[in-house]
Protein chains: 2
Amino acid sequence: MPKVEAVEALSRLASRSAPRASRAATPDALPLDTILRGDCVAELSRLPAQSVDLVFADPPYNLQLQGELRRPDESRVDAVDDAWDQFESFQAYDAFTRAWLLAVRRVLKPTGSLWVIGSYHNIFRVGSMLQDLDFWILNDIVWRKTNPMPNFRGRRFTNAHETLIWAAREPNAKGYTFNYEAMKAANEDVQMRSDWLFPICSGGERLKDADGHKLHPTQKPEALIARILLAASKPGDVVLDPFLGSGTTAAVAKKLRRHFIGIERDRSYAEAAQARVDATHPLPEAALAPAPSAREAPRVAFASLVERGLVTPGTLLTDARAQVKALVRADGTLSLETAPGLGTVGSIHRAGAAAQGAGACNGWTYWHIETGEGLMPIDRLRAVVRSEMAMAAE
Amino acid sequence: MPKVEAVEALSRLASRSAPRASRAATPDALPLDTILRGDCVAELSRLPAQSVDLVFADPPYNLQLQGELRRPDESRVDAVDDAWDQFESFQAYDAFTRAWLLAVRRVLKPTGSLWVIGSYHNIFRVGSMLQDLDFWILNDIVWRKTNPMPNFRGRRFTNAHETLIWAAREPNAKGYTFNYEAMKAANEDVQMRSDWLFPICSGGERLKDADGHKLHPTQKPEALIARILLAASKPGDVVLDPFLGSGTTAAVAKKLRRHFIGIERDRSYAEAAQARVDATHPLPEAALAPAPSAREAPRVAFASLVERGLVTPGTLLTDARAQVKALVRADGTLSLETAPGLGTVGSIHRAGAAAQGAGACNGWTYWHIETGEGLMPIDRLRAVVRSEMAMAAE
DNA sequence: ATCGCGCGTGAATCGCCAA
DNA sequence: GTTGGCGATTCACGCGCGA
């Protein structure tokens, strides 16, 4: 991946020339479960490379509002018009985006992944930059709001969603975490879709200052962050948020027994986030037991079934209709006894593929063994081995 | 808007240097209800400037598939791998996007608007380019699919949506069509949101070739296009689709009594689209009667109510609670009789605003008149005048 | 204690025309 | 180009208060 290497070189260059504070001239050890106060690019450049499992980022949206907005009853809408959300131009916003994404790439593990949330004002810039920097987009996710603000002037559709992008560090990245089974189980046993429905953050969850005003203009709901962490990280992983704000990511990470690193420039936000984290307690470990994942079950070679005596060499395996036959050899390979593929010797998967003239085949479900009560897929034997292994591990 | 002017200059330059076919060296008259066969940039450059009300575009998604995809049962997924969907790089895709967007901008009326649909593979490029070219994004819309294709590998979330961008020709564009009332009525009388739910195009609606294979890999559902046309155009408007494909936009436009112009490069798609259009018939006009829109109703001055004798000078108007009072003057202005604002003379709106200490007020709904059966908003009297005007117009 | 009502409010690129 | 007048325009949810 020459392009990735070029990007990494740029990233190193950027971090070398970045202004250093007194804290350290070389990357610190990983400051786990800490809120760092400062500019995120500068702070990221002090962290060790390839040390973070998951990044969640809620960057400024660059809203560019003109004038005030009033409701039909003449009350004023308290809009996001903070200085930190103002950029001079798309060019300036792109430069900002490029800088923090490069800094994030450096600290991400090769198996790590990145989530960014935004609206139509900024998300297209972020998505394009991710592609330009050779991140690899895995999904775009839509957060549908149950209770969005209406369009008061009746000139557009109600802006009822925000967009998240989930990306791996680079093309062909292997080993990023996706807890497929847990997501599926959480979605009535069908695959979790790319459109999620959550209320906006309000009520008791919304942090307020002493005067009862909202502490942060864009506090995200914990349920949204929790789904991200449950989908794309494991307990004990390191989760980093370069724009921590009111601290939702840190609080949810602590609750879900992930480590967090938060970066926040604004002192009052950082202090409120710290207080919030201090008041948050991890859930009981039992509540976080990972959902059973077929993918993470120990790999069992068919040969080990032969070794364990569950299948005797010389046995004939068949397909579900008992028309294709294959002989089990002592080394755990099969030898096809029927056309097409007659004489083929190979793994259960290759033999099954050859028997069907297909490019691939899951031999565990294709091949069956004769029992007193009819044909049984050999996958059932694998299940036996796995349960034995689980008992032995305790 | 100097930036817009610069973009328009570029656009003119692009159209001047575009290769010309024999058809014409200067822009033709608008070829209404026609399918043009050819490259969309070349064909667009032959159309008169500022002549189109609405553009719907479903450009190539640049899917960049690597190898084939199979379902768990080994059946092959018939993916979009057509030549027209392949681009060498993001730069090449961006250049393509820039070219057709500039060509579209030239033919769009200043009051026109543009819709583009895409997935995460291309929509970020399109959205960024729209912003770079100084289009003005009005909404991003999510098409949620009721029946998306599952993720067969279990490595990502089910990709269950596509994204549409709705944009005006330039910042501060006035007069783009948005049929707010119709959308609200279609959504159980609450504002239409930015997330829409439709099934993918399948079954009888899906065009098939002689062998029963799907004719076009990305045929869009008519319901999706219909909502767009119903939301953002009027009967008789000109709707243009630069990537017509199987002709959905043309067929829906004909059905909804909009004019269409379709551009399609591929001969077999263009022919199928033409046959489809020929077999499509417009809906009865009554079915397309626009939903009543307060915004478009004829303006009625309060003074005309006085002139017509519906309100007598000297009458006292009150707010809904009968606490604020104002005297109707012979010229149709009001004079406030109560504090705050006591003595203020002005229009029903200014008097209402003064009475409330607000910056603005809709006097038609604020002021009430005493009838035998209680207070009635003066808006009801306006309705009487309007219905008289409608009868007189017939 | 419970229910119903009124009020506040949320990442918003939020009007159009004539003078 | 700017200004000012006319007049059109909101949904879901949480909380507090009073019956």
Side-chain angles (χ1 to χ4, degrees), chain A residues 58-82 84-87 90 117-123 143 145-163 199-206 208 212-214 216-221 243 245, chain B residues 1 111 131 135-140 166-168 171-176 178 180-181 184 187-194 293-297 299-303 332-333 346-353 358-367 378-379 382:
Chain A
D58 184 7
Y61 284 13
N62 190 23
L63 286 189
Q64 310 180 337
L65 301 175
Q66 319 209 1
E68 63 176 16
L69 177 65
R70 288 178 178 274
R71 299 187 176 81
D73 67 0
E74 287 293 318
S75 64
R76 212 174 66 83
V77 174
D78 182 18
V80 177
D81 54 0
D82 306 71
W84 50 256
D85 198 51
Q86 312 287 323
F87 290 81
F90 285 126
I117 186 167
S119 68
Y120 67 85
H121 310 85
N122 72 321
I123 199 67
W143 167 30
K145 303 178 183 183
T146 56
N147 49 347
M149 193 177 348
N151 183 292
F152 296 119
R153 297 293 179 192
R155 300 298 299 156
R156 307 180 177 196
F157 298 95
T158 303
N159 205 346
H161 74 276
E162 296 190 26
T163 301
I200 60 177
C201 180
S202 65
E205 189 184 319
R206 189 86 195 219
K208 304 279 168 51
H213 298 120
K214 60 189 174 193
H216 191 281
T218 70
Q219 185 179 342
K220 295 293 176 291
F243 306 98
Chain B
M1 283 291 114
T111 55
Q131 293 175 319
F135 284 83
W136 190 246
I137 298 179
L138 297 168
N139 276 117
D140 61 333
W166 180 33
N172 304 312
K174 306 286 181 211
Y176 64 86
F178 178 53
Y180 175 77
E181 300 286 348
K184 187 171 174 178
N187 193 43
E188 315 237 311
D189 288 325
V190 293
Q191 290 187 341
M192 186 70 79
R193 300 167 38 115
S194 56
S293 166
R295 205 182 299 278
E296 289 176 10
R299 294 194 153 214
V300 174
F302 180 70
T333 57
S347 71
I348 54 173
H349 312 296
R350 294 194 61 86
C361 165
N362 182 347
W364 290 108
T365 54
Y366 179 75
W367 293 111
I378 58 175
D379 206 26
R382 181 168 62 163

Residue set satisfying ring-ring contact (aromatic ring centres under 6.0 Å, His included) with F87(A), at least two apart, ordered chain then number -> Y93(A), F96(A)
query: NA contact type, D85(A), heavy-atom cut-off 4.0 Å: base, sugar-phosphate, or nothing?
result: base
Nearest heavy-atom approach of P199(A) to W143(A) is O-CZ2, 3.8 Å
**OP:** In whole angstrom, give me the gap between the C1' atoms of dG18(D) and dA1(C).
**Re:** 13 Å
Sequence neighbours excluded, the answer for ring-ring contact (aromatic ring centres under 6.0 Å, His included) partners of Y176(B) is W166(B)
- Hey, does the side-chain of K220(A) have a donor or acceptor N/O within less than 3.5 Å of a partner on the base of dA11(C)? yes
In whole angstroms, the gap separating P of dG10(C) from CG of D81(A) amounts to 12 Å
Protein-proximity profile, nucleotides 1-7 of chain C, B/S/- by nucleotide at the 4.0 Å heavy-atom cutoff, equals -------
Indicate, with a heavy-atom threshold strictly under 4.0 Å, whether P59(A) touches base, sugar-phosphate, or nothing.
base
ask   = So, is K214(A) near the phosphate of dG10(C), with a side-chain N or O under 4.0 Å from OP1 or OP2?
value = yes
With sequence neighbours left out, the residues meeting side chain to side chain donor-acceptor pair (under 3.5 Å) with N151(A) are none
Hits for salt bridge (Lys or Arg N to Asp or Glu O under 4.0 Å) against D78(A), two or more places apart or cross-chain, chain-then-number order -> K214(A)
### Message
Between dC14(C) and dC6(D), how far apart are the two P atoms, rounded to whole Å?
### Response
24 Å
Requested in this report: Report the C-alpha separation of H121(A) and S119(A) in whole Å, then their side-chain angles, then the decisive distance to 0.1 Å, and conclude whether the side-chain hydrogen bond (donor to acceptor under 3.5 Å, both in side chains) test is met.
Outcome: CA-CA 5 Å; H121(A) 310 85; S119(A) 68; 2.6 Å; yes
Report task. Determine the interatomic distance between P on dA11(C) and the same-named atom on dC15(D); round to the nearest Å. Result -> 16 Å
Quiz item: Hey, does E188(B) reach any base, or is it just sugar-phosphate, or nothing, if we go heavy atoms under 4.0 Å?
Solution: nothing
H216(A) meets the side chain to side chain donor-acceptor pair (under 3.5 Å) criterion, sequence neighbours left out, with T218(A)
dA11(C) phosphate, OP1 or OP2, under 4.0 Å from R206(A) side-chain N/O = yes
Expected string for nucleotides 4-12 of chain D under the B/S/- scheme (protein heavy atoms, under 4.0 Å, primed atoms plus P, OP1, OP2 as sugar-phosphate) is -SSBBBBBS
When rounded to whole Å, the CD to C1' distance for the pair E205(A) and dC13(D) reads 14 Å
Practice problem: Look at the side chain of D58(A) and the base of dA11(C), then say whether one donor and one acceptor between them are separated by less than 3.5 Å. | Solution: yes
Sequence neighbours excluded, the answer for salt bridge (Lys or Arg N to Asp or Glu O under 4.0 Å) partners of D82(A) is none
Hits for ring-ring contact (aromatic ring centres under 6.0 Å, His included) against Y180(B), two or more places apart or cross-chain, chain-then-number order -> none
Sorted by chain and residue number, the side chain to side chain donor-acceptor pair (under 3.5 Å) partners of R155(A) (sequence neighbours excluded) come out as none
Pairs under 3.5 Å (Watson-Crick or G-U), crossing ones as [ ], inter-strand ones as |: DNA chain C comes out as .|||||||||....|||||
Across all chains, not counting sequence neighbours, the side chain to side chain donor-acceptor pair (under 3.5 Å) partners of Q66(A) are none
Q.
So R155(A), base contact, sugar-phosphate only, or nothing? Heavy-atom distance under 4.0 Å.
A. sugar-phosphate
* Please check if atom CZ in R350(B) has more than 12 non-hydrogen atoms from other residues, nucleotides or ligands closer than 6.0 Å. => no
